[in-house]
Amino acid sequence: MRRRRTIRSAVEFVTFTAFTALGALGVAAPAAAAQQDAAAGLRQGAIGAVREIARSDPSFSADERRAAEAGLADLREHAATLTDAAFELALARIVALARNGHTQVLPASWQARFPRLGVRFFVAGDGLRVMDAAPEWDRLVGARVAAIEGHDLEALRDAWSRYAPGRVGFRDESLPAFLEAPAMLHAASLAARSDAVTLTLDGGERVEVGTYDGWPTPDGVWALLPAARHVELALSGGVDGEPLYLREPEAFFRFVPLPDRDAVYIQFRGNVDFSGATDMAAEASHALERLRALAPRYVIVDQRFNIGGDLNTTRDLMEGIPEIVGEDGAVFAITSGRTFSAGIASLGYLVQAAEGDVTIVGEPVGDELEFWAEGGPAELPTGTPVLAASERHNYRTGCPEDDCHGSIRNHPIRVDSLEPDVTPSFTWEDVVRGRDPYLEAVFARMAPANAKD
């Protein structure tokens with residue numbers, strides 16, 4: 001049976017419709033008639049493309065599809081009254097009705113397409129922090145932000161959930177792209193202006209921050225997917241020392257023997273190398289050979305930054321690890337909300353092969369055990385990148401249905417849970433001081449060692 005999602009209440013959807021119809025999302029600036037006609041045509045084309053996604057993407061339930069049709073009909077009528085940000089946000093909200101992590105407008109693109117604030121944010125275990133700042137606001141780096149325009153982090157997360165699918169940890173990965181685009185906050189009725197916001201810091205100080213055009217523009221895969229802010233912070237020199245999980249910050253795969261602990265640390269920052277520098281399948285195969293030669297007592301599989309890729313590249317490795325460590329050893333996995341798509345599948349293969357005998361440390365993975373994936377990103381006529389799904393994944397049942405992804409039907413995953421066994425607090429201070437509470441929790445569960453990494 002397909003898992004049924006509960007659509008938001010009819011009252012909430014009516015509120016959204018009225019909200020759009022009243023133009024509360026913002027009013028477009030006047031333009032020449034020809035430009036207006038061209039822009040109007042592009043918007044209507046985008047609406048038509050999203051309608052096709054809602055009709056064909058199997059992650060939409062019947063109720064969600066009807067809600068999307070109603071929202072699109074309303075948007076078609078009022079599209080000309082909206083700012084670019086407001087129109088894009090309206091599309092994001094309609095696409096997000098599917099509540100499927102692989103079905104979404106891709107907000108990372110906003111960093112190149114809309115003006116950005118003079119500060120950048122980091123969602124830490126102890127709240128929202130200023131990660132980086134333009135010279136005018138440099139003193140704010142490291143400050144804890146109690147509120148943006150009077151809205152605390154939980155309120156901002158709640159607002160973002162209307163436009164972004166997936167579990168909260170996965171949504172937190174793209175939350176900064178939303179918070180750093182004042183036009184988006186204004187379009188969502190979270191900010192009074194579209195070119196500045198007021199931050200309230202711990203202690204009550206209020207600081208107005210405007211836009212800044214000096215930030216680098218993300219490129220490659222990070223123009224579409226959110227880059228890991230831990231990695232960005234390490235690359236900018238914002239982390240003390242060289243914690244194991246942040247070494248070689250641009251590498252997508254790492255194999256690190258820890259002989260003093262009779263352990264091997266394996267890190268995936270993707271199930272493919274999005275830079276094209278390495279063949280991930282070959283790397284995984286070689287890693288399996290090295291593991292068999294080393295025969296460590298412990299294997300640590302760090303998936304905290306694994307945003308996905310090809311689930312086939314790592315399957316043999318994941319299935320081989322439990323047998324290598326044997327009955328006297330132990331397998332550990334590290335996860336976060338960024339552990340997504342093929343990253344979740346890899347974890348599933350590992351836990352299944354170990355018959356559940358894997359200690360998972362960190363935060364919950366970014367999606368449920370059933371989701372829809374396999375569709376590639378497309379660009380709407382307005383330039384908006386959108387991701388749609390086409391095939392089912394179900395890691396509870398093994399996914400025997402005809403609409404399941406072929407690799408999962410041929411190599412099923414059946415697990416009861418991938419939730420963490422241990423969830424240590426990971427604060428901003430931990431990050432910048434180079435501490436890793438997740439790996440420390442793993443080490444604490446190993447036999448005593450004379451040396452520490």
Side-chain angles (χ1 to χ4, degrees), residues 88 92 95 101-124 129-134 160 163-166 169-181 184 211-239 245-254 267-278 280 302-310 313 336-344 365-367 373 375-380 383-388 431:
E88 181 123 347
V95 173
H102 289 78
T103 304
Q104 60 168 312
V105 166
L106 295 170
S109 70
W110 297 344
Q111 296 174 99
R113 297 170 54 231
F114 292 93
R116 299 162 69 182
L117 284 178
V119 297
R120 301 179 70 213
F121 297 113
F122 188 104
V123 183
R129 298 282 182 155
V130 175
M131 165 182 156
D132 198 1
W160 182 226
Y163 311 105
F170 180 68
R171 295 198 303 269
D172 278 352
E173 291 294 311
S174 56
L175 178 60
F178 177 58
L179 301 183
E180 293 165 12
M184 290 295 172
T211 57
Y212 173 67
D213 62 6
W215 297 122
T217 300
D219 57 9
V221 69
W222 309 129
L224 295 177
L225 301 179
R229 295 253 149 149
H230 291 77
V231 175
E232 289 188 304
L233 195 63
L235 285 168
S236 70
V239 176
Y245 81 109
L246 289 176
R247 291 179 198 170
E248 301 175 84
E250 296 183 287
F252 281 87
F253 171 80
R254 299 172 61 232
Q267 183 177 43
F268 289 93
R269 296 188 177 122
N271 248 52
V272 296
D273 186 333
F274 290 107
S275 73
T278 60
M280 191 64 75
D302 191 341
Q303 299 273 58
R304 79 183 84 185
F305 296 138
N306 191 345
I307 204 163
D310 183 351
T313 60
S336 76
R338 192 176 176 83
T339 309
F340 192 68
S341 193
I344 300 175
V365 298
D367 214 339
E379 186 173 287
L380 302 181
T384 304
V386 63
L387 186 65
V431 176

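Note that this is a predicted model, so its numbers are computed, not measured.
Taking the six-membered ring where the residue is Trp, W110 and F178 present tilted rings, their angle falling between 30° and 60°. Using bins of under 30°, 30° to 60° and over 60° for the plane-to-plane angle, the ring pair H102/F340 lands in the parallel bin. Classified by interplanar angle (parallel below 30°, tilted 30° to 60°, perpendicular above 60°), the ring pair W215/Y212 is perpendicular.
In this structure a side-chain-to-backbone donor-acceptor pair under 3.5 Å is present from D302 to R304. For the pair T313 (side chain) and N271 (backbone), a donor-acceptor distance under 3.5 Å is present. Side-chain atoms of S336 come within 3.5 Å of backbone atoms of R338 as a donor-acceptor pair (strictly under, hydrogens ignored). In terms of modelled atom types and a separation under 3.5 Å, the side chain of E180 and the main chain of A177 share no donor-acceptor contact.
Here the closest heavy-atom approach between residue T211 and residue P115 is recorded as CG2-CB, 4.0 Å. Residues A112 and T217 share a closest heavy-atom pair of CB-CG2, 3.6 Å. F274 and G309 make their closest contact through CZ-CA, 4.4 Å (heavy atoms, listed as atom of the first residue, atom of the second, distance). Heavy-atom minimum distance, A108 versus P226: CB-N, 3.8 Å. Closest non-hydrogen pair, S275 versus F252, comes out as N-CE1, 3.7 Å. Across all non-hydrogen atoms, the minimal contact from A92 to V105 is CA-CG2, 3.7 Å.
Atom CZ of residue F121 and atom CG of residue L175 lie 9.0 Å apart, to the nearest 0.5 angstrom. Taking CD from Q104 and CZ from F170, the interatomic distance works out to 5.0 Å, rounded to the nearest 0.5 Å. Note that the CD1 atom of I307 and the OG atom of S341 stand 9.0 Å from one another [nearest 0.5 Å]. Summarising the geometry, atom CD belonging to Q267 is positioned 7.5 Å from atom CG belonging to L246; distances are rounded to the nearest 0.5 Å. With values rounded to the nearest 0.5 angstrom, L117 atom CG is found 8.5 Å from L179 atom CG. With values rounded to the nearest 0.5 angstrom, S109 atom OG is found 7.0 Å from L224 atom CG.
M131 places a side-chain heavy atom less than 4.5 Å from the side chain of L233. Counting heavy atoms from C-beta outward, V95 and T103 have side chains that approach closer than 4.5 Å.
Using modelled atom types and a 3.5 Å distance limit, the side chains of D273 and T278 yield a donor-acceptor pair.
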- Message: Could you walk me through whether M280 and D310 satisfy the side-chain contact (heavy atoms from CB on, under 4.5 Å) test, starting with their C-alpha distance in whole Å, then the side-chain angles of each, then the deciding distance to 0.1 Å, before giving a yes or no?
- Response: CA-CA 9 Å; M280 191 64 75; D310 183 351; over 6 Å; no
- Go through the steps to decide whether Q111 and W222 satisfy the test side-chain contact (heavy atoms from CB on, under 4.5 Å), and finish with yes or no. CA-CA 10 Å; Q111 296 174 99; W222 309 129; over 6 Å; no
- Please walk me through it: do E232 and R120 pass salt bridge (charged side-chain N to carboxylate O under 4.0 Å, His left out)? CA-CA 11 Å; E232 289 188 304; R120 301 179 70 213; 3.1 Å; yes
- Please report the C-alpha distance between W160 and S174 in whole Å, then the side-chain angles of each, then the deciding distance to 0.1 Å, and finally whether the side-chain contact (heavy atoms from CB on, under 4.5 Å) criterion is met. CA-CA 9 Å; W160 182 226; S174 56; 3.3 Å; yes
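The ring-ring contact (aromatic ring centres under 6.0 Å, His included) search around F268 returns F253, not counting sequence neighbours. For A251, the side chain to side chain contact (heavy atoms under 4.5 Å, CB included) partners are E248, R254, R269, not counting sequence neighbours.
Within the structure, salt bridge (charged side-chain N to carboxylate O under 4.0 Å, His left out) contacts touching residues 108-119 (residues at least two apart or in different chains) are E88-R113.
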